[in-house]
Amino acid sequence: MCSYNWFSFRLTGFYPSQRYPEQLRIIRYWDDEQKREFMFLTNNFELSVLQIYTAIITYCLVAIVQHYMRLERSTYEVLQILSISLTDKTPLADLFAKTNFNNVNERNGSKEPYMLDLFENFKY
């Protein structure tokens with residue numbers, strides 16, 4: 001059995017409250033199978049808790065695929081390719097090989113590529 005709840009708060013430190021005065025939301029999720037609590041921080045109060053979990057799960061699955069396929073693309077690029085290929089029956093390896101996503105960071109308005117490497121601390 002899994003359970004979840006959430007609560008809102010504001011940052012109280014002088015500089016943090018100056019830089020982000022809006023409310024934040026912490027979503028707590030208890031997984032009975034793992035006997036473990038997960039906490040997620042967001043500023044989105046409109047999405048339901050289940051939609052937020054779905055987004056986190058999707059991101060993690062894409063990061064795992066990206067890692068195991070040794071893709072030389074950012075997570076943003078992988079998500080973009082998958083989003084335009086949802087009904088495509090092409091195998092993933094072929095899909096990523098044939099898709100040309102050059103200068104994605106420029107189209108995204110970013111000059112510096114930002115890649116979060118979820119596996120940087122793991123040695124395989």
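The shown structure was predicted, so the numbers you read here are calculated from the model rather than taken from an experiment.
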[X] side, atom [atom1]; [Y] side, atom [atom2] - distance, nearest 0.5 Å:
{"X": "Tyr76", "Y": "Ile81", "atom1": "OH", "atom2": "CD1", "result": "11.0 Å"}
{"X": "Leu47", "Y": "Phe45", "atom1": "CG", "atom2": "CZ", "result": "11.5 Å"}
{"X": "Leu82", "Y": "Leu61", "atom1": "CG", "atom2": "CG", "result": "10.5 Å"}
{"X": "Ile84", "Y": "Leu95", "atom1": "CD1", "atom2": "CG", "result": "7.5 Å"}
{"X": "Phe96", "Y": "Leu71", "atom1": "CZ", "atom2": "CG", "result": "5.5 Å"}
{"X": "Tyr20", "Y": "Asn43", "atom1": "OH", "atom2": "CG", "result": "3.5 Å"}

May I have the step-by-step check of side chain to side chain contact (heavy atoms under 4.5 Å, CB included) for Ile52 and Arg25, ending in yes or no?
-> CA-CA 11 Å; Ile52 291 172; Arg25 178 181 182 194; 3.7 Å; yes

Check for a donor-acceptor pair, side chain of Ser17 on one end and backbone N or O of Phe14 on the other, with a separation under 3.5 Å.
->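 Checked: pair present.
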
Heavy atoms of Met39 and Glu37 approach each other most closely as SD-OE1, 3.9 Å

Closest heavy-atom pair and its distance - Gln23, Ser8 |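 Shortest heavy-atom contact: NE2-OG, 3.6 Å.
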
Would one find more than 12 heavy atoms of other residues, nucleotides or ligands at under 6.0 Å from atom CD of Glu72?
-> no

Within a reach of under 6.0 Å around CZ of Phe7, are more than 12 heavy atoms found that belong to other residues, nucleotides or ligands?
->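 Yes, CZ of Phe7 has more than 12 neighbouring heavy atoms, counting only those of other groups under 6.0 Å.
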
Can [Y] be reached from [X] by stepping across I, L, V, M, F, W or Y side chains whose heavy atoms are under 4.5 Å apart?
{"X": "Tyr15", "Y": "Leu11", "answer": "no"}
{"X": "Tyr59", "Y": "Val65", "answer": "yes"}
{"X": "Trp30", "Y": "Ile26", "answer": "no"}
{"X": "Trp6", "Y": "Leu50", "answer": "yes"}

Under the side chain to side chain contact (heavy atoms under 4.5 Å, CB included) rule, what do Tyr53 and Ile27 come out as? Steps first, then yes or no, please.
-> CA-CA 9 Å; Tyr53 288 146; Ile27 298 170; 3.3 Å; yes

